[in-house]
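Because the structure is a prediction, the values reported are computed rather than measured.
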Amino acid sequence: MNLAYIPSPSSGVIYLGPIPLRGYAFCIILGVFVAVWLGGRRWVKRGGQVGTVADIAVWAVPFGLIGGRLYHVITDYELYFTDGRDWVDAFKIWEGGLGIWGAIAMGALGAWIGCRRRGIPLPAYADAIAPGIAFAQAIGRWGNWFNQELYGKKTDLPWGLKIDADPDIGRVAGTYQPTFLYESLWCVGVALLVLWADKRFKLGHGRAFALYVAAYTVGRFWVEYLRVDTAHHVLGMRLNNWTAIVVFLAAVAYFVISAKKAPGREEIVEPAAAAVEAEQAQGESGGEAEANAESKAEAETESKTEAKAESRAEGKTGADEESKPEAEASK
């Protein structure tokens, strides 16, 4: 019997007053908020406009949710389309089941549509939101804790996760490796790594995003190895392990090739923002020129006034000197 362990919640529902909210959905929503908030701050620092990240997220988030769900349903189709299963459950996203690979792929498609509509390069946008996505994943993994799912092998470690029995889905009570926690902590580390590297090396043209992808896949490969939930295997390895390897290699290749073809960072990430700055700068320079002209005119006016005053004073002095001898002669 374990004396220390991480307890699982008795219910996967959080009540906001009288309103029930699934813990899984709450974690996803909170993660999206963090990603958009941090991405927006980074975008503005790079020269973009306030609100651009949120506007594009309107496209990226729904696409990402659909992609994540599709990947899960396709790779775990037996949970929904075999005997004794209800295919309608495939639409119950709040009960859990989002594949990060599909979420990123379809989310990127949605982001591309949003960026194209605003004339923004997708790689620059991806760099801005990369660490925010990692933080969102870290938060989202706690949704698995609420659902008591995606845990690892049995363990007697003091941080083992206590799982309750559920005969309906074949869940056996015990303490298991808290893989959700491992991946959550790994994602936090990935986000901090991207923030540091981006600040240190000024990554651009999608390389910050590539670094996030490569770093995440390394941790995901290890966490996937610990998991015991049902999964398809290819050549003795879980499908997600193979996916992690392929995506890792693609991310590294992109990073290297991009660094050779387009070193440095984009000077302009949002043409509209650059145009506004140019107009403001032109307005400021025009205002300075106008102010200088007014100052010059005032100086010339003052100079003329002083010259007139001096001329009048000299004329008065000359008249006084001429009248002096006449006054003496009259005496």
Side-chain angles (χ1 to χ4, degrees), residues 12 21-36 38-39 53 56-81 85 87-114 122 125-126 129-151 179-180 182-184 186-187 190-191 209 212-217 219-221 223-224 227 229-232 238-248 250-251:
L21 178 63
R22 287 272 181 178
Y24 187 89
F26 175 76
C27 292
I28 296 297
I29 294 170
L30 182 59
V32 169
F33 173 81
V34 171
V36 172
L38 180 58
V53 168
I56 296 176
V58 172
W59 288 90
V61 172
F63 272 74
L65 291 174
I66 294 172
R69 189 60 175 178
L70 281 175
Y71 182 89
H72 166 71
V73 172
I74 292 172
T75 56
D76 291 305
Y77 64 89
E78 65 277 0
L79 299 177
Y80 308 100
F81 303 107
R85 301 287 185 173
W87 63 270
V88 176
D89 292 341
F91 297 96
K92 297 179 180 179
I93 192 172
W94 56 87
E95 292 184 355
L98 288 174
I100 186 62
W101 315 115
I104 294 297
M106 286 291 289
L109 175 60
W112 175 79
I113 295 174
L122 177 61
Y125 180 82
I129 65 173
I133 293 177
F135 278 127
Q137 286 180 255
I139 297 170
R141 274 304 173 199
W142 285 85
N144 302 132
W145 175 67
F146 278 102
N147 286 350
Q148 296 194 46
E149 61 185 2
L150 304 187
Y151 43 84
T179 52
F180 85 90
Y182 298 156
E183 187 169 339
S184 179
W186 182 267
C187 287
V190 170
F209 187 82
Y212 144 71
V213 172
Y216 169 73
T217 54
R220 178 59 184 265
F221 184 92
V223 170
E224 196 71 26
R227 284 168 50 171
D229 54 299
T230 303
H232 294 285
R238 293 167 67 97
L239 176 60
N240 281 334
N241 281 124
W242 286 109
T243 306
I245 292 174
V246 172
V247 174
F248 171 80

Pairs touching residues 100-111 that satisfy side chain to side chain donor-acceptor pair (under 3.5 Å), sequence neighbours left out: Trp101-Asn240
Check: Arg69 side chain, Gly97 main-chain N or O, donor-acceptor pair, under 3.5 Å: yes
Can you name the residues that form a ring-ring contact (aromatic ring centres under 6.0 Å, His included) with [X], not counting sequence neighbours?
| X | value |
| --- | --- |
| Trp112 | none |
| Tyr77 | His232 |
| Phe221 | none |

Contacts of type side chain to side chain contact (heavy atoms under 4.5 Å, CB included), residue Ile56, not counting sequence neighbours: Thr52, Ala111, Cys115, Arg118, Ile120, Tyr125
Residues that Trp87 engages under side chain to side chain contact (heavy atoms under 4.5 Å, CB included), provided they are two or more places apart: Phe81, Phe91
Residues Asn241 and Arg238: side-chain donor-acceptor under 3.5 angstrom: no
Taking C-beta and beyond as the side chain, do [X] and [Y] meet within less than 4.5 Å on heavy atoms?
| X | Y | value |
| --- | --- | --- |
| Tyr151 | Phe180 | no |
| Ile104 | Phe209 | yes |
| Arg220 | Ile100 | yes |

Taking side chain to side chain donor-acceptor pair (under 3.5 Å) as the definition, give me every residue that meets it alongside [X], ordered by chain and number, with sequence neighbours left out.
| X | value |
| --- | --- |
| Asp89 | Lys92 |
| Tyr212 | Gln137 |
| Thr75 | none |
| Gln148 | Asp164 |

Aromatic plane relationship, Trp145 with Trp142 - under 30° parallel, 30 to 60° tilted, over 60° perpendicular: perpendicular
Pairs satisfying salt bridge (charged side-chain N to carboxylate O under 4.0 Å, His left out), at least one member in residues 96-111, at least two apart: none
Just list the side-chain donor-acceptor pairs under 3.5 Å for residues 21-34, sequence neighbours left out, or say none.
none

